[in-house]
*Asks:* 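Quick one: this structure, given as structure tokens, is what I'll be asking you about.
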Amino acid sequence: VEKALSPTRGDRMMRLFQDHASRARDLGISRQLIEDDLFSGDSIVLGGKRLANFGLCSYLGLGDDERLKEGAHRAIDKYGTSYSSSIAYTAIPLYRDLSERLATIFGASVVLAPTTTLAHLAALPVLVRPGDQVLVDSVAHASLQTATQLLQANGIPVQKVPHNDLAAAETAVSEFDGAGRVWLLIDGVYSMHGDLAAAAELDALLDRHPRLHVYCDDAHGFGWDGEHGRGTYLARSSWHDRLVVAAGLSKSFGATGGVIAMPDPQLADLVELVGPPLTFGGPIPPASLGAAVASADIHLSEELAERQSEFKDRIDLVNKLAADMGIPLSALDPTPIWYLELGSYESMAKLFLGMRDDGFFLNGSAFPVVPHGQAGLRFTITLYNSARQIEDMLTCLHERSRPLFAPTEIEIDLTAEAAVPEKPTAT
Ligand SMILES: Cc1ncc(COP(=O)(O)O)c(C=O)c1O
């Protein structure tokens with residue numbers, strides 16, 4: 001007799017994801033191909049209409065910088081479009097050129113990986129040893145959550161801790177009775193709400209708990225903040241011998257790739273030597289390495305401070321205007337990401353389409369990118385977005401979202417007779 005199998009939690013989540021993703025694609029919210037022939041950072045063409053682009057993560061506007069393009073062209077001329085070998089065998093010299101520059105940017109030892117996700121999958125199974133425990137922030141990026149599944153499969157206990165709740169993390173560290181260490185996995189800038197990790201407080205936590213290690217994914221904070229662009233986390237703390245920072249080269253940096261930085265050169269060497277995707281997978285392509293080297297040179301030059309300062313003024317402008325207008329954004333931290341939570345998928349879709357009609361593209365977001373029931377619009381800014389464009393977008397967002405948050409008007413008759421009926425009335 002065949003027994004009906006009840007769907008697992010994983011199945012149900014996948015079905016919800018499928019439902020949201022296909023609806024979003026049909027509505028033109030997600031998985032759209034832009035219709036531009038040429039990249040222009042501040043806008044895209046979708047459905048025949050030019051829209052101001054508030055969905056790009058090329059924060060410092062380096063994605064089409066001539067110097068990065070030349071770096072990519074030179075690399076292709078020398079080494080072709082693909083140097084197809086695992087770095088475990090051979091790599092092109094641009095690997096060394098980029099590593100040296102990134103080590104200077106971070107002031108630490110570095111390991112390169114083709115993406116940030118692969119950086120986590122290379123580093124964490126090497127860093128976290130049997131007997132250790134992992135704590136992961138409940139809203140840390142999906143790439144970190146995926147890496148914890150691998151760790152769990154290796155027998156490492158993994159526990160979620162409430163978002164940015166340092167007291168809860170400290171309790172979990174204090175209560176750990178194993179022989180090993182405790183790793184806390186966090187983001188530097190949380191990619192949907194744009195809030196920051198509490199770097200300075202975590203620094204103090206590291207000092208108080210010698211068993212604690214912090215692994216921070218600063219993919220969204222790298223480049224536009226910190227000395228030489230080393231990121232939001234290191235801009236607010238200093239290197240600690242039990243701190244590891246991972247970052248991505250595909251956002252602010254204007255190239256592609258991932259990097260893991262740590263103070264211990266022997267540990268970095270071990271990650272590079274045995275981190276699984278760095279043996280069993282391919283390299284960063286020549287064009288990306290060439291662009292990244294050119295970007296690193298900009299990050300090591302005086303130009304960076306000017307770009308960072310101009311960009312931070314733009315971030316402050318968003319925070320000021322949003323606060324003045326009273327737009328209920330989730331967080332107003334000094335980062336280039338903001339989130340307007342609306343709750344239902346339908347409200348999110350309505351506001352997305354309204355904004356699009358008025359000429360603005362924002363990131364319509366729903367489960368599993370955010371928890372179920374917390375659908376909303378996420379937006380980012382880059383140096384491509386002018387102050388004027390930002391002001392116009394926020395004015396429109398304010399106008400269009402206001403009715404969605406308006407309190408329900410209940411008319412109460414406060415005249416004495418109405419407020420206190422003399423006698424109960426029978427109906
Ligand atoms: C915080 C964070 N980490 C990692 C990633 C994945 O980066 P990559 O595409 O380099 O794997 C993202 C993606 O956008 C992210 O937001």
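Values in this document were obtained by computation on a predicted structure and should not be read as measured data. No hydrogens, no waters, no symmetry mates; every other heavy atom, side chains included, goes into these values. Counting starts at 1 for both ligands and their atoms, following the listed order.
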*Asks:* Would you find more than 12 non-hydrogen atoms of other residues, nucleotides or ligands less than 6.0 Å from R31 atom CZ?
*Replies:*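 No, because the 6.0 Å sphere around CZ of R31 holds 12 heavy atoms or fewer from other groups.
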
*Asks:* Can you confirm whether the side chains of D132 and H213 place a donor and an acceptor under 3.5 Å from each other?
*Replies:*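 Note: D132 and H213 side chains miss the donor-acceptor criterion.
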
*Asks:* If you round to the nearest 0.5 Å, how far is OG of S295 from CG of L300?
*Replies:*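 Here the rounded value is 9.5 Å.
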
*Asks:* To which protein heavy atom is atom 16 (O) of ligand 1 closest, and what is the distance rounded to 0.1 Å?
*Replies:*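 The answer is H220 NE2, 2.9 Å.
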
*Asks:* Which label fits F367 and H372: parallel for a plane angle under 30°, tilted from 30 to 60°, or perpendicular past 60°?
*Replies:*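 F367 and H372: perpendicular rings.
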
*Asks:* When you look at NZ of K312, are more than 12 heavy atoms from neighbouring residues, nucleotides or ligands closer to it than 6.0 Å?
*Replies:*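 More than 12 within 6.0 Å, yes.
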
*Asks:* When you measure from atom 5 (C) of ligand 1 to every protein heavy atom, which one gives the shortest distance, and what is it?
*Replies:*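 Residue, atom and distance for the closest contact: H141 CE1, 3.3 Å.
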
*Asks:* So is G248 touching ligand 1 or not, going by heavy atoms under 4.0 Å?
*Replies:*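 In this structure, G248 fails to qualify as a contact of ligand 1 - no heavy atom is under 4.0 Å.
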
*Asks:* Under 4.0 Å from atom 9 (O) of ligand 1, is there any protein heavy atom?
*Replies:*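 No, because not a single protein heavy atom sits under 4.0 Å from atom 9 (O) of ligand 1.
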
*Asks:* Give the atom numbers and elements of ligand 1 that come within less than 4.0 Å of a heavy atom of T116.
*Replies:*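 Near T116, the atoms of ligand 1 are 4 (C), 7 (O), 8 (P), 10 (O), 11 (O).
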
*Asks:* Using heavy atoms and a threshold below 4.0 Å, how should the contact between T115 and ligand 1 be classified: side chain, backbone, both, or neither?
*Replies:*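 Both backbone and side chain.
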
*Asks:* Has the side chain of H141 got a donor or acceptor atom that lies under 3.5 Å from a matching backbone atom of S143?
*Replies:*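 Such a contact is found between H141 side chain and S143 backbone.
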
*Asks:* How close does the nearest protein non-hydrogen atom get to atom 6 (C) of ligand 1, and which residue and atom is it?
*Replies:*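 Looking only at protein heavy atoms, the one closest to atom 6 (C) of ligand 1 is T117 OG1, 3.6 Å.
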
*Asks:* Atoms of ligand 1 less than 4.0 Å from S191 heavy atoms?
*Replies:*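 Near S191, meaning under 4.0 Å from one of its heavy atoms, ligand 1 has 16 (O).
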
*Asks:* Using a plain distance cutoff, I'd like to know if D187 has any nitrogen or oxygen under 3.5 Å from a nitrogen or oxygen of ligand 1.
*Replies:*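 By distance alone, the answer is no.
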
*Asks:* In terms of atom number and element, which parts of ligand 1 are under 4.0 angstrom from non-hydrogen atoms of S143?
*Replies:*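 Within the 4.0 Å cut-off of S143, ligand 1 contributes 3 (N), 4 (C).
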
*Asks:* Answer yes or no on whether R230 is positioned over the face of F222, meaning its NZ or CZ is under 6.0 Å from the six-membered ring centre and within 45° of the axis.
*Replies:*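 Because its charged atom misses either the 6.0 Å distance or the 45° angle limit, R230 does not stack over F222.
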
*Asks:* If the contact criterion is a heavy-atom separation under 4.0 Å, does G258 count as touching ligand 1?
*Replies:*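 G258 does not count as a contact of ligand 1 under the 4.0 Å cut-off.
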
*Asks:* Kindly assign one of parallel, tilted or perpendicular to the pair H120 and Y215, based on the angle between their ring planes and the thresholds 30° and 60°.
*Replies:*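 If you compare the ring of H120 with that of Y215, the planes turn out perpendicular.
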
*Asks:* Of the protein's non-hydrogen atoms, which lies at the shortest distance from atom 3 (N) of ligand 1, and what is that distance?
*Replies:*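 Result: D217 OD2, 2.5 Å.
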
*Asks:* Once rounded to the nearest 0.5 Å, what's the spacing between atom CZ of R307 and atom CD of E303?
*Replies:*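 R307 CZ to E303 CD: 4.5 Å, rounded to 0.5 Å.
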
*Asks:* Answer yes or no: does an N/O atom from K251 fall short of 3.5 Å to an N/O atom of ligand 1?
*Replies:*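 For ligand 1, there is an N or O atom that lies under 3.5 Å from one belonging to K251.
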
*Asks:* What atoms of ligand 1 come within less than 4.0 Å of a heavy atom belonging to A219?
*Replies:*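 Answer for ligand 1: 1 (C), 2 (C), 3 (N).
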
